[in-house]
Number of protein chains: 2
Amino acid sequence: MRIGELSRRTGVSQRSLRYYEEQRLLTPTRLPNGYRDYDERTVTTVQRIQILLSAGLGTAAVAEILPCVVDDTVVLAGSCPELIDGLAQERRRIDAAIDGLIAARDILDSLVGRPLHRQDAPAR
Amino acid sequence: MRIGELSRRTGVSQRSLRYYEEQRLLTPTRLPNGYRDYDERTVTTVQRIQILLSAGLGTAAVAEILPCVVDDTVVLAGSCPELIDGLAQERRRIDAAIDGLIAARDILDSLVGRPLHRQDAPAR
DNA sequence: CTTGACCTTGACGTCAATGTAAGGGTTTAG
DNA sequence: CTAAACCCTTACATTGACGTCAAGGTCAAG
């Protein structure tokens with residue numbers, strides 16, 4: 001599929017899709033006329049990219065992670081070597097971010113007089 | 001206290017503290033020589049600012065919220081008028097952000113072969 | 001009186017993911 | 001032939017919360 005369709009089906013702008021390619025997150029083939037040609041699986045990949053980026057990972061980190069994710073939800077743990085502690089680090093960042101968000105939400109809730117729901121700890 | 005001490009005690013750079021003032025988040029008095037003079041409570045305020053900013057709120061939103069937060073964890077619900085639905089909106093943003101972070105964390109976990117802990121829903 | 005730590009304002013730089021615009025090919029349909 | 005809808009690359013603009021540097025006052029200690 002070409003970039004327009006991929007953009008429509010993922011809700012991601014063409015600009016971003018080209019940017020992802022520049023950052024080596026996507027590597028579409030080219031049609032004879034130079035147009036980018038994406039395969040079906042790219043739709044899923046793009047969604048994953050969005051999730052990871054919105055989680056605060058940089059494109060570099062995502063670029064390292066993506067090749068380890070095969071097919072749908074398949075795990076490919078051991079195959080990627082010392083990448084793993086990088087992942088653990090990102091995981092800690094995310095947990096910290098979640099804690100921060102919960103703290104902020106609590107502040108907002110206290111302003112509205114909502115009771116502070118204290119049952120969802122960081123969940124490690 | 002002057003800006004240097006506040007910076008040390010909060011871990012926030014002097015640059016940021018001045019920026020907060022420019023954005024009307026802080027309004028220190030001035031000493032005769034022009035130096036900024038912060039009172040003790042500002043330490044707590046700055047910490048709250050950090051939490052709210054890191055939660056993705058803009059300085060404008062924080063500026064609206066701060067005057068409603070008195071003392072330690074005091075609630076001042078009704079006094080701030082139509083601000084409340086703005087807060088609800090921010091709250092939804094935060095919930096969505098948390099969900100996104102959890103999704104990202106799940107991806108990371110699946111890479112390490114960790115089981116997906118599915119017990120902490122958005123928690124509304 | 002001078003050094004050094006502290007403070008001031010002002011202004012430009014940064015970073016990351018995108019927007020946007022310019023200038024130009026290609027292909028389909030009328 | 002031509003309009004319309006695609007696609008291409010290049011490159012500059014944007015946003016927000018800062019970093020950083022410049023040029024300069026203030027003040028306590030030696």
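Below, chain A is the first sequence line, B the second, and so on; all start at residue 1.
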Classify B/Leu31 by what it touches in the nucleic acid, base, sugar-phosphate, or nothing, heavy-atom distance under 4.0 Å.
nothing
Assess whether a salt bridge exists between A/Arg2 and A/Glu5, defined as any Lys/Arg side-chain N lying under 4.0 Å from an Asp/Glu carboxylate O.
no
A/Thr59 vs C/dA16: side-chain N/O to OP1/OP2 distance below 4.0 Å
no
Salt-bridge contact B/Glu22-B/Arg15 (side-chain N to carboxylate O under 4.0 Å):
no
Taking OH from B/Tyr38 and C1' from C/dC6, how many angstroms apart are they, rounded to a whole number?
14 Å
How long is the gap from CZ on A/Arg8 to CE on A/Met1, to the nearest 0.5 Å?
10.5 Å
In residues 10-25 of chain A, which residues come under 4.0 Å of DNA chain C by heavy atom?
A/Ser13, A/Arg15, A/Ser16, A/Tyr19, A/Tyr20
Position toward the 5' end of DNA chain D (nearest nucleotide), B/Leu53 or B/Pro32
B/Leu53
Return all side-chain donor-acceptor pairs below 3.5 angstrom for residues 24-32 of chain B, not counting sequence neighbours, or 'none' if the list is empty.
| unit_1 | atom_1 | unit_2 | atom_2 | d |
| --- | --- | --- | --- | --- |
| B/Thr29 | OG1 | B/Asp37 | O | 3.3 |
| B/Arg30 | NH1 | B/Gly34 | O | 2.9 |
| B/Arg30 | NH2 | B/Glu21 | OE2 | 3.3 |

For chain A and DNA chain D, what are the first and last nucleotides along the strand, 5' to 3', with at least one atom under 4.0 angstrom from a heavy atom of the protein chain?
D/dC6 to D/dA11
Determine whether a donor-acceptor pair (N or O, by modelled atom type, separation under 3.5 Å) exists between the side chain of B/Thr42 and the backbone of B/Thr45.
no
One should read off an interatomic distance between A/Leu87 CG and B/Arg105 CZ, to the nearest 0.5 angstrom, of 14.5 Å
Quick check: does any side chain N or O of A/Thr10 sit under 3.5 Å from a backbone N or O of A/Leu6, one acting as donor and the other as acceptor?
yes
Using side-chain contact (heavy atoms from CB on, under 4.5 Å) as the criterion, list what pairs up with B/Ser54, not counting sequence neighbours.
none
Backbone N or O of A/Gly56 within a donor-acceptor pair of the A/Arg93 side chain at under 3.5 Å?
yes
Can you tell me how far P of C/dT8 sits from CG of B/Asp37, to the nearest Å?
10 Å
Which residues pass the side-chain contact (heavy atoms from CB on, under 4.5 Å) test with B/Ala55, not counting sequence neighbours?
A/Leu101, A/Ala104, B/Ile94
Which atom pairs link the protein and nucleotides 24-27 of chain C when you take only N or O atoms and keep those under 3.5 Å?
| unit_1 | atom_1 | unit_2 | atom_2 | d |
| --- | --- | --- | --- | --- |
| C/dG25 | N2 | A/Tyr35 | OH | 2.6 |

In one Ile/Leu/Val/Met/Phe/Trp/Tyr side-chain cluster, 4.5 Å: B/Val46, B/Tyr35
no
